[in-house]
Novice: 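This structure is in structure tokens; I'll ask about it shortly.
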Amino acid sequence: IMIVDGSGTGGYTKIGTDNIAFTETAGAGAQGITGAQGAGGTVAYWGGFLSTSNQTAASTNTAYAISYNTTFVSNGVNISNDTNGNPTKINFQYGGTYQSAIDPQFQNTGNANVDVTIWATINGTIAPNSASVVTVPAKSGSTPGQVLNNLLLTGPFNSGDYLQFWWSTPSTNVSMYYTAAGTSPTTPASPSVFLVVSQVTYTQLGPTGATGPTGAANYWDILMLGGM
């Protein structure tokens, strides 16, 4: 093979008695394909709260706001005091749909079963269909009756909204009772109330994958000219 004449953009080469012309053709190669759609992901806010104090009812058939004196996790949801100075307000710093699960532990020192009602308010207004009624069993001998109730509330909240849970009992023998840690066997303490708030959200599709690389920048047109 012998190059007879040419430059960076064109010319010809000679193979035997045949001249092979070459000409540079400008332009980019084909674009690589787009990457696959990424999987969905979550972006959420949450809060976890509890009380290590007994909560009692001074009067029967009276609404009492449930309070929390301990925050164990918090991101965008926090507790603040109500107008009575009690930490009962669950505040939402960001709008969205949230699920709130509250578990009060009721104790009954009386001789009769008692039906206790718990419910929710949003910004001071009763949340429709939010009430739950639980029967707290009577004591057995000297051992108080106990029951753990659960109320689950799911709904939309705006930034700045607040949620409260309330309870009422027809007997002052019933309270929300804190149980200290045990020693035989070793067991953790049991809060009088436990509350977890979590945002319900899921991005349907993740980001699109990276676009493939561009092909080679140049290629050559080659023409057989024939013998000389």
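Just so it is clear, the values below take in all heavy atoms, side chains as well, and ignore hydrogens, waters and symmetry mates.
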Novice: Ignoring hydrogens and angles, tell me if any N or O in the side chain of S192 forms a donor-acceptor pair with the backbone of N54 under 3.5 Å.
Specialist: no
Novice: Between S67 and N86, is any side-chain donor less than 3.5 angstrom from a side-chain acceptor?
Specialist: no
Novice: Locate the shortest heavy-atom distance separating S80 from N91; write the atom from each residue and the value.
Specialist: OG-ND2, 2.8 Å
Novice: Look up atom CD in Q164 and atom CD1 in I126, then write down how far apart they are to the nearest 0.5 Å.
Specialist: 11.5 Å
Novice: Would I66 and Q55 count as a side-chain contact (heavy atoms from CB on, under 4.5 Å) here? Give the steps.
Specialist: CA-CA 8 Å; I66 298 174; Q55 300 189 42; 4.0 Å; yes
Novice: Taking everything shown except N129 itself, do over 12 heavy atoms lie less than 6.0 Å from its CG?
Specialist: no
Novice: If only atom types and distance count, is the side chain of Y64 paired as donor or acceptor with the main-chain N or O of A58 below 3.5 Å?
Specialist: yes
Novice: Please determine whether residues W46 and V193 belong to a single hydrophobic cluster, defined as Ile, Leu, Val, Met, Phe, Trp and Tyr linked transitively by side-chain heavy-atom distances below 4.5 Å.
Specialist: no
Novice: For a quick test of your reading: what N or O donor-acceptor pairs under 3.5 Å do the side chains of residues 144-157 make, sequence neighbours left out?
Specialist:
unit_1: Q146; atom_1: NE2; unit_2: Q107; atom_2: OE1; d: 3.2
unit_1: N150; atom_1: ND2; unit_2: D103; atom_2: OD1; d: 2.7
unit_1: T154; atom_1: OG1; unit_2: Q99; atom_2: NE2; d: 3.4

Novice: Mind checking the CH2-OG1 spacing from W166 to T62? Nearest 0.5 Å is all I need.
Specialist: 11.5 Å
Novice: Are T97 and Q199 close enough that a side-chain donor and a side-chain acceptor fall under 3.5 Å?
Specialist: no
Novice: For V73 and T71: C-alpha separation, side-chain torsions, deciding distance, then whether side-chain contact (heavy atoms from CB on, under 4.5 Å) applies.
Specialist: CA-CA 6 Å; V73 290; T71 296; over 6 Å; no
Novice: Report yes or no: do Y45 and Y68 belong to one cluster of Ile/Leu/Val/Met/Phe/Trp/Tyr joined by side chain heavy-atom distances under 4.5 Å?
Specialist: yes
Novice: Do you know the tightest heavy-atom contact between N111 and K139?
Specialist: OD1-CE, 3.0 Å
Novice: For Y98 and F92: C-alpha separation, side-chain torsions, deciding distance, then whether side-chain contact (heavy atoms from CB on, under 4.5 Å) applies.
Specialist: CA-CA 9 Å; Y98 289 83; F92 298 88; 3.5 Å; yes
Novice: Which distance, rounded to the nearest 0.5 Å, do you find between the CD1 of I102 and the OG of S132?
Specialist: 10.5 Å
Novice: Side-chain donor-acceptor contacts of residues 171-178 below 3.5 Å, not counting sequence neighbours, with atom names and distances?
Specialist:
unit_1: S171; atom_1: OG; unit_2: N173; atom_2: N; d: 3.1
unit_1: S171; atom_1: OG; unit_2: N173; atom_2: ND2; d: 3.4

Novice: Using every non-hydrogen atom in the two residues, find where Y162 and G124 come nearest and quote the distance to one decimal.
Specialist: OH-N, 3.5 Å
Novice: Supply the atom-to-atom distance D161 CG to I90 CD1, rounded to the nearest 0.5 angstrom.
Specialist: 12.0 Å
Novice: Give the ring-plane orientation class for W167 versus F106, where under 30° counts as parallel, over 60° as perpendicular and anything between as tilted.
Specialist: tilted
Novice: Could you report the tightest heavy-atom contact between S130 and A120, atom names first, then the distance?
Specialist: OG-N, 3.2 Å
Novice: Apply side-chain contact (heavy atoms from CB on, under 4.5 Å) to residues S159 and Q93 and explain how you reach the verdict.
Specialist: CA-CA 5 Å; S159 174; Q93 299 175 30; 5.5 Å; no
Novice: Locate the shortest heavy-atom distance separating I118 from P104; write the atom from each residue and the value.
Specialist: CD1-CG, 4.1 Å
Novice: What closest approach, in Å, do A131 and T117 show between heavy atoms, and which atom pair accounts for it?
Specialist: CB-CG2, 4.2 Å
Novice: What is the distance from atom CZ of F49 to atom OG of S74, rounded to the nearest 0.5 Å?
Specialist: 5.0 Å
Novice: Give, for atom CZ of F72 and atom CZ of F194, the distance between the pair rounded to the nearest 0.5 Å.
Specialist: 3.5 Å
Novice: Does L163 reach the side chain of S100, with side-chain heavy atoms less than 4.5 Å apart?
Specialist: yes
Novice: Side chains of T88 and N81 only: does a donor on one sit below 3.5 Å from an acceptor on the other?
Specialist: no
